[in-house]
Structures are given as C-alpha cells and as structure tokens.
Amino acid sequence: MTNHWNDIANSDCVFIIGGNPAENHPAAFGHITKAKERGGKLIVVDPRFSRSAAKADVYAPMRSGTDVAFIGGMIKYVIDDMLANPQNYNMVYLKEYTNASYLVNPAFKGPADLDGLFSGYDASKRSYDKSTWSYQVDDKGIPKKDMTLSDPNCVFQLLKKQYARYTADKVSETCGTPKDKFLEVCRAFADTGAPGKAGTILYAMGTTQHTNGSQVCSSYCVLQLLLANIGVCGGGVNAARGESNVQGATDHALLFHLLPGYLERPLNTDETLQKYLDRSTPKWTDPKSANWVQNLPKYLVSMLKAWYGDAATKDNEFGYQYLPKGSDNYSFISLFHAMYDGIIKGLMVWGMNPAVGGPNANMTRKALEKLDWLVSVDLWHTETGNFWKRPRVNPADIKTEVFALPAAASFEKEGSVTNSSRWAQWRYKGADAPGVAKPDLDIINDLMIRIKKLYDADAAAPNRDAITRLTWDYGTHADPHKVAREINGYDLATGKLMVSFAALKSDGTTSCGNWLFSGSYTEAGNMMARRDLDDSPFNVGLYSKWAWSWPVNRRIVYNRASVDPNGNPWDSEHPVIKWDAAGAKWLGDIADGGYPPMAADAGKYPFIMTAEGVARLFTAALPNGPLLAKGMADGTFPEHYEPWESPVKNPLSGTQNDPCIKLWAGEMDFKGDSDKYPIVCTTYRIVEHWQAGQMTRNLPWSVELMPEMFIELSEELAAEKGIANEDMVVVETARGKVTAKALVTKRFKPFRMNGKVIHEIGMPWHWGYIGLSTGDSANVLTPNIGDANTMIPEYKAFLCNVRKA
Amino acid sequence: MKKTERVERYSVMARVFHWVHVTAFITLVVTGIFLYVPWIGAVAQDSWTRVIHRIGAVLFMGMPILFFLVRPRSAIETIKEGLTWGKEDFGWVAAAPRYYFLGDEAAMPPQGRVNSGQKLWFLLLMLTGPVFVITGILMWFFQDTLPSAVFQWSVFAHDVSFIATVCFFFVHIYLSVLHPLMSGVFSSMTNGKVTKEFAQAHYAKWYEEKAKEEKPSGGK
Amino acid sequence: MAEKAILFDPTKCTACRGCQVACKQWNELEAVPTVNLGSYENPPDLSPNTYIKMRFKELEYDKSLEWLFTRRSCMHCTNAACVEVCPTGALSHHPLGFIDYNEDLCSGCGYCSQFCPFQVPRMSGSSITGIRKASKCLFCADRVTNNLIPACVKTCPPHALQFGDQDQMLLLGRQRVKELKAKYPDAYLYGEDELGGLHVMYVLPHKPTVHGLPADPRLPASTTVWQGILQPAGYVLAGLTVLGLGLNYLVARANVKSHGKG
Amino acid sequence: MELNRRQFLKLSGAGAGGALLYSIASRGAALGATSPRTIPLHKKVGESPTICPYDGSGCGFLVAAVNGKVVNIEGDPDHPVNRGAACSKGASMRQLSADNPRRLSKVLYRAPGAADWEAKDWDWSLNRIAQLIKQTRDANWKAKDGNYTVNRTEAIAEVGSSALDNEECYLLIKMLRSLGMVYIETQARI
C-alpha cells in the first residue's frame, strides 16, 4: 500500500477492483464505512456481485482478465475530460510531479502504431529490445520536457494516443460491462481529480493474478497520477495483502529474485560486488532528483555485515562472493517444473500449502512425488505434507522421506509482522503451544546450528565458508528481540542501534539486516511495540506512534506529492505533510526525504524513489538501477491483452496475449481452447476460509459457516445446462476437473459483448483432501501460466466447461 | 358390640384404579402447578418436574385404558351410567343447595349407584381427560413439527381443563372428606364398604336395587 | 439506569459473520455440523448452539441486484411473550432492557420457544423426557453488566451493529432511515414501536417481510387470552371454589347439626 | 392493543376472591421480571496483545489464557485498524489454539514408501534434515555456470512463508542464501 488502512476513511471515492475486501479484508470495511459516512462513494468492479459489491454505490461487472481495457477506458475518459475541463484537475501535479511533460525517443512506437506491440519486439525471444523506450535527453543527460504537454513525443501525448482506442463502446465490447455502468464508474472516480479531492484504488489478487497483472497495477498508477491521487490522504494505489506477513516475507526477500529490502539478487554476470552495484544502482544527472536508490551500496554492504560480521571485510567484498548467483527464473511455476523434472530433490515448506495453492495442482502434486525429501513446518497436516497419501495414490510407490514439524501459532510466540499498511507490529506470546510444537524461530535456529556443525566438520564441502562464517549467535533459543535488533542494524563503531537507514554506510562500519526496517528497533526501544494512539498534528489517522511503518515510520509514501511545490497541502482538510517555512521543517508525516519543498533552491522532486524524481506515466527503460528502473518486460504503457485462455479475440489489437509471457511445454501443461471450453472461470476466496484452507478448514466454527466446496454460476447458465441449485456439478478444464455443489445465483450474470454471450463461473480455491472439511481443489483447473513480469499464475481467468454431475 | 352392617360399594379393582389415578392426577397437578404459579416456579428448575409430569401423564392416560381392557363391561356401564340422566338427576340439581347447605335430605330424590354430583364430576373428567391427553400429546410429541399456534392453544386448552378439573377436584375432596353429610363416603374408597344407613340415606335407589339383587342370589 | 439497545444496519453489513463466530466464542458454543444449502447461509437455523445467524437473500430492486443480509437473533422485546409465558422466572426483563435469561431457573417447559413471535428461543435436550433447557441470545448479559459491549457488536467490522442507550440508538436509527428514504421509500426503523419497543432495532431499507421479519409482530393472541384472562380467571375460580366450599362447610356444619344427624 | 398481564389483573382481578391469591402468586414474577442481575464475567476477556494471523490488515487482538490455555480471544479495542472488530476468521482464532486436537503436537516422520506417519523427536529429525540438506547441497553443487562462478545449488527449494514473523523470515532467508539456495519462493508469488 502507498497509504494505509485507516487512511481509506479519508477518501472521497473508494474504488475496489480486483479485490473483495468485504470478504478478504473485512477490517477495511470499517474504514470504507467511515468514508461513506463522510459522503464518499464506493465503486466496485468485479466479474461477480461480491459481498463488497453488495455495499457499492456503483457496481459494474467486468469479464475476468479485461482490467487493462477497463482502466484504459477510464484513462481515456479522464484525458478527454481533462482537455475539455482542465480546471477540474490538478494540472500542476500532472506537469510537475509526473513525467507527462518528458519527451520520449521519437523511435518509440506503441500498440496504437504496432497492432498491440511496442517497438523492439523479438518474437523468437518473446521479449523486447527496450532501447527505444527512453527519454530524449539534453547534453547533461537530463530529459527534455514540454511543459505545454503538446509535443507529439511527450509522454502525455503518447498516453493520449495509446488510449484513444479505449472508447466506452470498445470497453463495453471487451469487458462486457454495460456502457452506462462504465461511464458511471468513470464519472464517479474522475471527480476525485479535483485538487483537494482524493480517490483510492483498493486491489488484491484479482488484479495481479493475470498474465498481464503487473500492467494492470501500472494502469492503476497511471490513472491515479492523472487524478493527482498519489501521495495524498485518502488516495493511493493500495494492495490489500492476503496474509498476515506476506508483506514482511516479501520485504525480507523470501523470493528468488530479491535480497532483503528489495535489493536485487546477484546475477551470474555480477562477478564482483562492484559489478553488481554498478548494474543495480540507478544513476541520474538531474540535480533536482533525489534518486534515493543510489544509496543502494550502503544497504547491501550493511546487510552483508549483518550476515557475515567480522568475516565481511573490504578485502573480501564484504562476503559478497558467499552469496549464490543466478540469472534464471526460479519463480514458483519454474520451481515446480524443476521439481517435476527431477532437478529439485529436497523441499522445505514453511507454513505453505502449494498442493492446494499452486496452479495446475495435479502437476504440483505429481512433482512432489519426485522429491527425495520434504520438510513441512506447519500448525497442521497439510495436503502438501500428506501428498503421498492423497486419494488414488499408493504410498508404497512414493519414496519421498517426509517430515512434519509442529510449529507454534502466532499467539504462542513473540515477534513482529508487517501488514498491508507496511506497519511492523509486535505481538506477544499469550498461550502455550501444543505438545512439542515450537516457534519457527527456534526451528530455524536449531536446524542451522546443526547444519553449521556438519560443515564445521567437513573442510572439503563446496563454498563452505558461506555457511561456517555466517554469523549465527542466537544461542539455543533464539531471542526475537536480538534478531529484530540485527535487522534494524548497528553502528559498528559505537555498538549503538541505528536510528534510520539514512546513516548506513558502504564502508563496512554499519550493519543492517534489512535497510527498510532500520529504525524499527532503536536505542529508544522496540518501535514496533508502540501503542500510542496520538494522531497529532493533523488528525488524519496516521497514528504515527502506533507500531512502526517502513520506511522510517512514513505512513503515506510519496507524501511530497500531497503538497504543492511550495509545501502547502492540496487538501487543507486532510494534510499529510506541510512545510513550516518559519521552522524550515515538515510537519505531519515523515516527508519523503528531508529536503525543502520542490520550489525551494535545495528542494527536490517529490518522487524520491524513482531515478527521475517524478512519477512515471510512461515506464522508460533506464540503463541502470533496480529491476523496475529497467522498465517493464511487456511495454511502457499498460495494453490490453486477453487472458492466455480466452473465449474471444482481442477486440483492441491483433496481439491476443501478452507477448512476453513464458510458455511452458511440460508434459502436464495443457491449454484449453474455447470450442471445447467456452466458459470463463475464475477463482477467489471467501471470508469464512483462508488461502489453502489449513488455517480454517480445521476450525469447526469456520467449517460450520462454509462447510463445502461449491461452484457459483448464473441462473441463465444453470438453465442452459439443466443445473438446479445444490446439484452436484463437474467443472472441467484442459488440466483437470472438480466436482462440487452448484450454487445458482443472480450474482453471476452472462456478459453480453457485441451481441455475443459469454458465461463466467467462479469458485473458491480453499479446499483440499486433508482437514476437517475436505473437497476438490479449484487449482486442479488452473493453468501454469504466469504474468510477463512476475510470473504470478493466471488464476483469475481461464476456460472451462460445466455440466451436471 | 355388634358390627354395623356394611355394604360393598367399590371392588378392590375399582379402588386400586381410583387411587392410582388419583396419584397420577395429583402428581400432574403438583408438577403442573409450577408452570402456573410463577413464584414457586423456581422449584421446578432443571426439568425434574417435567420428567415426573410425563410419568404422571402416562399413568393418567394409562389407567382408564387399562380399566377398559380389564373390565370392558363395567367401563362401558360406568360411561352409560354417567350419560344416563333421569328425573332423580334433575331433582338432585334442584335439591342440591338445600341439601348440601342445610342438610335437607328430604328434598333430595333417591339416587342411584352414583349421585348426580358424582355424575357431573365424571362427565367433567370425561371431557377434560381427553383434552389433557390430546393437548398433552401434541405438546409432548409434536411441538417441533406442528405450527406453534397448535402448541399455544394446546397450552390454553390444557389450562382450561386444569382450572376446571382442579376446582371440581376441590369439591370432590371436600365432599369426600369434609362435608358433614358425607362422613361415610371416604371409607368406600378405602375399604370399599359403606354402612347400610349411609347407603340408604345417600344412594337409596342403588341400595334397594342391590338388596333386590342379593336376595335371589342367596346372599351371604 | 438507561435501557440499552443494539442497532443493526443491514445497509452497512457485509455478512462477514464475525458476529456469528464471536457469539460462539464468547458463549462457548460448539459448531453445528452443516452442509451447503445452495447459499452462503449457515447454520440453517438458530439452535441451542447458535444464538445468532445472518440471513442471505438476493433481490432485484430498482433494476439492480441487492444482496440482503439480515440478522436473526433475539429481539429483546419490551412486551416479551417469552417473559409473559415463562413460568419459572428464568426469563425476565433486566433493568437494562434486555431479556435476561437465567438458565439455572429454566424448567424446560418450552413455552418461550413456542410463544415467541420471532421463533427465537430454542430447546436443547429432549422434548420426550422433558429434560432440557431453553437457549437464546443473552445480550451478553455478563458483558453489558460489566461495561463491555456485546460480543456481536464489538466484532462487527463495518459498524453495522451498534450498541448504546436505547434513546441514542433510536436517534441514530431514525437519522439513518431518513438518509435511506431517498433511495428506499420503504425504509423503516424496525423495533421503534414493535412489541412496545425492541432492544434490537433494525434499519430496514425494504419492508420488514422482504427481510424475513414479521410485518407486525405481536404477542400471540393465545398469550393474551391465556396469560391475560385464563390464568387470572383460574385463580379467581379456584379462589371462589375454596371460598364456596368453606362457606358451605360453615353453613352445613351448623345446619346438619341442627337436624340432629351425625 | 395489548394489555399485559399485570395491567389486566389490576383491572379485572381486583375484588375477586382469587385476587389476593394472585397478587401473592404474581409477586414472584414481578420481582423476577425486573431482577437487576449483575452477572460476573464468566471468563477473562483478554490481556496479551497479538496480531491476527490471517489477512494482511494487521488487526489487533487480545488473548486471555489460564495456565497457558486460551480461554478467550477477541479484538483489541484500542487497535486503530480494527478497533476491536473481528471477521469470522479473526473471531474463530481461538480454535487455532492448542485446544484444537487437529493441531500438530508431535514431530512426525514418514519413511520412504511408508503408509503412515510415525512420531520422532526433534533431535533425531533435525539431525536427519540437516544431513539431508548437506548431502543434497554438496552432491548438487553448481560452482560454475558457463564462465561465471555462481556457487549455488538448484537441488533444494524452499517455499513459504508469509505466515512467519519478520524475525523468522529474516533468519530463514539468511540461512537459505548461505546454503547457496536459489529456488526460494513465498505466497507473494502466487
């Protein structure tokens, strides 16, 4: 989230798309209700009428997988309205705080010119040469601008051209949304473009779980930037995260492509620390840009100091060579393919249940059989840990050695978790764990102590120092406070805890396990455990003294965009920050960088985390910097592509699918075509259950509320197929089939697109074969196909057929 | 001293049935009254009165049925007797106030085996008994299947029967035990016999018929 | 002591059903075995282990779809049939307005469950043996008499449930109804007048029957006739009978003696 | 119009023979009808702050336990995100506790080909896992990829966990990367 949960209450319009907070983030609805009580509007766009939609002022149905078309249409609406009525929009924000005025390489061509493709596409590699995705720069390397936004090569004009095709009629034809509903959404949300007004976009996995999911997110950013809704109270692009610490797990880089704090992993070619830093540190010559990420070397070296302590010296590149290097894609789908192919022999599963949660579950489960060993650490028996006794397999045929390690529950141990608002919150031990179950921290610690002992005794082991020299001084029972302090970091000269990452150094004199969390545990104490409800000075719900928010306790990121170039808030009623000229300091939230307002001599552009210092409506590909600085894989603007499995031809271009998605050709990878599978299927969660189900399908109270797997379909489709409510039905895709009870409902309606009727059905994906409540897993149906940038699977839109069982 | 001559009014069987029925009835009244009189309701907590009420109900329903099975003829005769109203009965109604208040025995026409008051008591029970039983069964076994209005009106009807029966029950006990004219009646339900004088005074018609019957049969 | 009330606003309810579980959690109620009945709704009905449940209903209104969520639990009536008919005092009016239920006193007669105009109280145990207890929403009596709010209200994320002084809740409810009138001409504050005022009031956008509520809940006629007429009449009759018999005894004893009979 | 029982009696019962009886009889009910019961809380409400383990809202809860066993969990009324509220999942959190017989309370091991689990102790299991990790890592070590020194193993993977605390995530990634692992994924990817 750019903003935070409480801030939703400040919004004039809450736009929920690709999410369903009433069911998956119910606490959000406390704040949404407040926004509505203040007169705010609630818009919900969703393929089905969800419990969130039930509370909406405006609900618009949209066929799964057509998000970019929908948002693109809104962008067109806003641009057209902006040109007609500029007084209704914050043009200063657009011109000064975004790259709308930046001139782009004239060689750049977009989908409007190239039938859905951007310049530089290489079909054989399914990737782009991004050299034309660049700015025109002057002799100092600073991009050229046209502040009138009229140069045909300026970002604004390119944006306008990109979305000129996305007319309301085209949106309706593509998304199946009735035109009047679409325009109602446009009008309601465009109203937040006025200075002092704010609209927020609240989304979740309905946005991301598409082959172009990253570009859907980008489309939200473009829309919000046009409406000047980033950085302000009640605005932002807010991802509602689905697990209590999925934010923290991401921050701490339990992902193949990252190191803690969103530092990029070393690639094969990063032979030295210097090479790595040169490649991943963004360089920018515009003096008004803070380009904060140029501090990256300080963060990486401090992390290495935390990991390797005295063994990390300038002479050995601070232990950089201890880190593994890799350039391949090791993401989730790749991982299970590698397992299926026998490359992966051992798997550790920590509080996760991929046999239910991963796509193409039949393949996932089959892949597990190839393992030599599997360790599952959990509170429960899971489908993953028990794959060898799943229905229709003979355990004797499966030679995998399996461990089920009992872990303590959240309230049976002490530590911190980071919520969607980026708040790291400390929680305490309130009860005892059952039997010999113990905290994961102890399990990890105990295991690593044993591993280190084995390597201490084996001088011939490869790259042994990486293990033996790793600092691991947590004793027999690791103290979470000690670990939290290591994450926060120390000034190694004084032994004092760091106050913030601003003081980290690249010379090895500071340590910090994760720069983003620097400041969370200081000499003043454990900031994450704070419980002070003081909301001064502006009383806009920042609660700056409650827990601790990364970065540096900033509650709303990009908050320098909430003020005009002189530091005065656009919305004086809900200021995030405000420049106190007399005191020469910012009041309110922790400002993005301590610099004075932009208009001042020493002032900086507001978006300190981009190299440019302004927000990107056009995602240029910069030569250096972290992943995103190098541009998106699949274009500079979000462009609509159909889901991998779609019942229609792309109405917006001749390019059917995202051209950069990786296509898999394993023996269990199947694609269904619309002749055999004409119905769109989507999967989702319901409030009564959680994720892969082990945390709720074992709880009698949760099971009582939602006892069985079910499949939701429209009355129209049910009539067509002769299905009555409560009938057992079979849903089949190219990958598998599930049988479950039919729930015939008015909440799904057929989409009428240009005369063609497209049916969509949906089902929750919580069930599996282990637990108090069992049932077929929806992910038996889902395809192994991922987003072009992140490889997140396309769970939300695929093709199926349905019949009475 | 010479024994007073006694005549048998009720057989052993009749007396056993009577007392078992009385026991059941009193059990039902006592366990039922808790639902009627709130300030003693607290005694009824934890359902023990409900259990006993059900046992009492079985006895209460069971005794007449058993009686029918064991002595079908006398059961039918008893019913006939209760339903047969002659001029003595209307005479009884006219004479009752003087008779019961002033002891004016002369005003009272001679009565049969049971007097008209007893017939009334019997008729009332013939009426309320089935009401108790039917509404009781409805409330007992069908409360979850039938509309709650059935239960509600069953409670009502059960209560109407309860009030009527209890009031008449007071009269019954009073006349059997306390009323000065009736001092001999209680023994008829204990040892089954009444004195000849009592029989002649209260059930003249019956006594005479009985005396006639006994002669031809040779008597004892 | 000001009477307390719960105000339920279905237009804010998202049917997360936190209330259903929070109630079970606080009151130590076990889960009921269920199956999917072709809807999100479950358990199918109130029961001794379910004091509160949400009803789900799909409805086309004004050319758009609505999904109505309605609370189903004890309404804590002012004119409460259950209290009227409870013979043991197990059900009573608490000074804070709610229907206090003292399970210890319950004799298991089941009258409350049969006379309630909302069919709320449920019996646990056996109607055959009669060994059973009534059960229903307790208004979290232990919480509210210790300055805590009821578990269902506390847990409600979208503030669809509110708790406070009855007059305060009335004001809030009326205000909310006024706001809803523009879109819903039938909007109505259910519980303001019903049964002398309910201590659980609903802000209804539609007519009560659309939400599955009785349009005009009343004490059943049987309650009035039974409790209001028959019961006192019974006392009167019994009293008159006893009086009459006593009188007879006095008169008869004197007269029968004077007749010289023994 | 409805007359309640007491009103009716005032009107009709007065003067009748049973009125006295009734007034005695109904006094109990009258008292019962307004019993000012103050009911002691039947259990502790909460004492130990925690954060919900379900979605990413980060709602606050309070755990009350007696002798280490949970007796109550409900929303933390001070917490700014939820102000004491809890959805059906949060409200059911108590059934995650040790009282739930479905919780794993033993270290379980399934030998290759075995039809069921067997209980083991921590010591044996962690030693065995450590050995398996070392064997697999060392036997599948990739020091070079082409000309580049890469020092990694692709034979061991880890997935999860967004259910861990930050401190646990940090120690886990520190451990995994030191082992040269690259197949590391969490729920964020799916």
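Here is the naming used below: chain letters follow the sequence lines, and residue numbers restart at 1 for every chain.
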Checklist entry - What part of C:Leu68 lies closer than 4.5 angstrom to a heavy atom of chain A: side chain, backbone, both or neither? => result neither
Next on the checklist: Please classify the contact of A:Thr745 with chain C as side chain, backbone, both or neither, using a heavy-atom distance under 4.5 Å.
Outcome noted: both
Checklist entry - Could you give all pairs that pass the ring-ring contact (aromatic ring centres under 6.0 Å, His included) test and reach residues 27-53 of chain C, with sequence neighbours left out? => result A:Phe710-C:Tyr40, C:Tyr40-C:Trp67
Item to check | Region of C:Pro10 in contact with chain A, defined by heavy-atom distances below 4.5 Å | outcome: backbone
Checklist entry - Is A:Glu704 salt-bridged to C:Lys53, cutoff N-O under 4.0 Å? => result no
Item to check | Side chain proximity check, A:Glu726 to C:Leu37, heavy atoms < 4.5 angstrom | outcome: yes
Item to check | Proximity of residues 146-159 of chain C to chain A, residues having a non-hydrogen atom under 4.5 angstrom | outcome: C:Pro157, C:Pro158, C:His159
Checklist entry - Given a strict heavy-atom distance threshold of 4.5 Å, which part of C:Glu179 is in contact with chain A: side chain, backbone, both, or neither? => result neither
Checklist entry - Hey, which residues of residues 114-136 of chain C are touching chain A, say heavy atoms under 4.5 Å apart? => result none
Next on the checklist: Using only atom types and a distance under 3.5 Å, with no angle test, would you say the side chain of C:Arg17 pairs donor to acceptor with the backbone of A:Glu688?
Outcome noted: no
Item to check | Positions in residues 56-66 of chain C that reach chain A, provided some heavy atom is under 4.5 Å away | outcome: C:Phe56, C:Glu58, C:Glu60, C:Leu65, C:Glu66
Item to check | N/O donor-acceptor pair under 3.5 Å between A:Trp701 side chain and C:Gln20 backbone | outcome: no
Next on the checklist: Counting only non-hydrogen atoms closer than 4.5 Å, does A:Lys55 touch chain C with its backbone (N, CA, C, O), its side chain (CB onward), both, or neither?
Outcome noted: side chain
